[in-house]
Number of protein chains: 2
Amino acid sequence: MPPKARVIPLKPPRDPAATKVRVLDAAEALFMEHGFEATSLRAITAAAEANLAAVNYHFGSKEELFQAVLTRRLDPMNQARVELLTRLEAGAGSRPISCERILMALLIPPLKLARDPERGGKDFLRLLGRAYADPAPFIRRFLSEQYAVMIARFKAAFARALPRLPRKELSWRLHFIMGALSYTLAGTDALKLIAELNPHESTNDEILLRRLAPFLLAGLEAPLPDLSAVTRELDGELGKTA
Amino acid sequence: MPPKARVIPLKPPRDPAATKVRVLDAAEALFMEHGFEATSLRAITAAAEANLAAVNYHFGSKEELFQAVLTRRLDPMNQARVELLTRLEAGAGSRPISCERILMALLIPPLKLARDPERGGKDFLRLLGRAYADPAPFIRRFLSEQYAVMIARFKAAFARALPRLPRKELSWRLHFIMGALSYTLAGTDALKLIAELNPHESTNDEILLRRLAPFLLAGLEAPLPDLSAVTRELDGELGKTA
DNA sequence: GTAGGCTTCAAACAAACGTTTGAATGACGA
DNA sequence: TCGTCATTCAAACGTTTGTTTGAAGCCTAC
């Protein structure tokens, strides 16, 4: 009898950084399900079948692990957005490209990410949408760094497509667009505020974005607000209410 | 120097439930700043100058405290929305009221809440926007109960104003509207994704909503998506990207 | 006054947290 | 074969968490 008291080892097949990926996957799933604060390193390492110390060894801290989880999918997604836009612009020559196409370049990469059957998928977008609203400074810093160049790029493109729209108005509308997008991706089946979104469709992000795109496009091209008129209406209602 | 070692007692002027309100106020501020999980009961009671046990005594648990914080402002706000809508409908007689007015009934109460100089104000809306994206089951249950009747009421009103819009499409668009609204109210100065929103305006939620309303209105009244056309466009881009 | 109710308080509870440590493990090159 | 390096591991670190406890305080009503 060979003295193999411990049965197991069985050749872990020479897989460098395997633990790191397993931890990353487990963390993504759990952060998505419970949020950052409510997810413990013990739960993550248990799900990843790794040692508790693995997180601090491979990533340094829980915060850095969270950033790694986000970066792994966010970075390629934003890069894809910019590349898509660049390709559209190149194809259009010197003519400005339509709002609709620019919007597509913004929406398609997250859509593709959502459809990715590989681990993550649309669940990751929920995590992302939640991160948008998180007050933790390290998350905010991280996200604004991640998005800065992409947003600037798209703002410039929209500005060319909508030359009559003041820059400040455009900034606001881009803000609203990112809001509706992230909220929609984050919420979906979570809050059943609007009941009759049937489950088949709500899982189908393709249809979702096909409904979102016209909505956002119309908002983007909306006429400038008649501030004085709105003011009157607003004050009227506010007065009546007060 | 008078021997005022402990300055305080000074007749706490017979104020029943004063502690409860102080705790509520402190909790609101701290939840807003750090989120639910990241805020400890010790921090709350310290800020409220109350005993640690006060929370469990007056509210039962941390979760129930959080719900109490939300209810205190959410309940009147949604009630105001419904009342405003009811008044508009009453004033219009049998004629349908315009989308714009319905939208105003939806947007004005949170605006008023944001302008309220009294404690809370717009900071509370940040807290609310964050709660929307929170995965904790007790928050989700609470919010959907809070919003159910109001949303149903507004959906019916919009359906009358937009008779040609399919109900399902309307549901989606209402979802997008709530998303853009909550995200905008939650984010504002938080994420500096869109940089050039000048500080004067970003503190002025009135102007914010005057920009948001036309955007949402246009989206709401957008033409129905030509699904087949969008499909082709989408698939084209997706193919090129893949 | 004195009983009885809410309310406050200091103290302690067990549990869970993120992080650190120092030794074991295993593979690879000298 | 040995030494070296990166990785894994069990165990413990010191905090901090939400909640509970039982006594003390205080006002009202009898």
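Letters A, B, ... mirror the listed sequences (proteins, then strands); counts begin at 1. All values derive from a computational prediction rather than experimental measurement.
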Problem set entry | Residues in side-chain hydrogen bond (donor to acceptor under 3.5 Å, both in side chains) contact with A:Asp134, at least two apart in sequence or another chain |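 Per chain and number, A:Asp134 pairs via side-chain hydrogen bond (donor to acceptor under 3.5 Å, both in side chains) with no residue.
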For this session: Check the pair B:Phe176 / A:Phe215 against ring pair (Phe, Tyr, Trp, His ring centres under 6.0 Å), numbers first and verdict last.
Result: CA-CA 8 Å; B:Phe176 302 149; A:Phe215 180 91; 5.3 Å; yes
For this session: Output all residues satisfying ring pair (Phe, Tyr, Trp, His ring centres under 6.0 Å) with A:Phe66, sequence neighbours left out; order by chain, then residue number.
Result: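 Only A:Phe31, A:Phe36 meet the ring pair (Phe, Tyr, Trp, His ring centres under 6.0 Å) criterion with A:Phe66.
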Whole Å only: how far is the [atom1] atom of [X] from the [atom2] atom of [N]?
{"X": "B:Ile44", "N": "D:dT17", "atom1": "CD1", "atom2": "C1'", "result": "12 Å"}
{"X": "B:Asn56", "N": "C:dC9", "atom1": "CG", "atom2": "P", "result": "15 Å"}
{"X": "B:Phe59", "N": "D:dT19", "atom1": "CZ", "atom2": "P", "result": "13 Å"}

Pairwise N/O distances under 3.5 Å, protein to nucleotides 7-11 of chain D:
| residue | atom | partner | partner atom | Å |
| --- | --- | --- | --- | --- |
| D:dT7 | OP2 | A:Tyr57 | OH | 2.8 |
| D:dT7 | O5' | A:Tyr57 | OH | 3.4 |
| D:dT8 | OP1 | A:Thr19 | OG1 | 2.1 |
| D:dT8 | OP2 | A:His58 | NE2 | 2.7 |
| D:dA10 | N7 | A:Asn51 | ND2 | 3.4 |

Problem set entry | Pairing residues for B:Arg153 by the salt bridge (Lys or Arg N to Asp or Glu O under 4.0 Å) criterion, not counting sequence neighbours |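 Here the qualifying residues are B:Glu89.
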For this session: Would you please name every residue forming a salt bridge (Lys or Arg N to Asp or Glu O under 4.0 Å) with B:Arg173, sequence neighbours left out?
Result: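 For B:Arg173, the residues satisfying salt bridge (Lys or Arg N to Asp or Glu O under 4.0 Å) (neighbours in sequence not counted) are B:Glu169.
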Partners of [X] by side-chain contact (heavy atoms from CB on, under 4.5 Å), sequence neighbours excluded?
{"X": "B:Ala50", "value": "B:Thr19, B:Arg22, B:Val23, B:Ala48, B:Ala54"}
{"X": "A:Ala38", "value": "A:His34, B:Glu37"}
{"X": "A:Ala43", "value": "A:Leu30, A:Ser40"}

Exercise. Pairs in or reaching into residues 41-69 of chain A: which pass side-chain hydrogen bond (donor to acceptor under 3.5 Å, both in side chains), with residues at least two apart or in two chains?
Worked result: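 Residue pairs with at least one partner in residues 41-69 of chain A: A:Ser61-A:Glu64.
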Exercise. Does anything in residues 75-84 of chain A pair up under side-chain hydrogen bond (donor to acceptor under 3.5 Å, both in side chains), and if so which pairs, sequence neighbours excluded?
Worked result: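 As it turns out, the side-chain hydrogen bond (donor to acceptor under 3.5 Å, both in side chains) pairs with a partner in residues 75-84 of chain A, which skip direct neighbours, are A:Asn78-A:Arg81.
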Problem set entry | Under the 3.5 Å Watson-Crick or G-U criterion, the dot-bracket string of DNA chain D, with | for inter-strand pairs | ||.||||||||||||||.|||||||..|||
Write out a two-atom table: protein N or O, nucleotide N or O from nucleotides 15-17 of chain C, distance below 3.5 Å.
| residue | atom | partner | partner atom | Å |
| --- | --- | --- | --- | --- |
| C:dC17 | OP1 | A:Ser40 | OG | 3.3 |

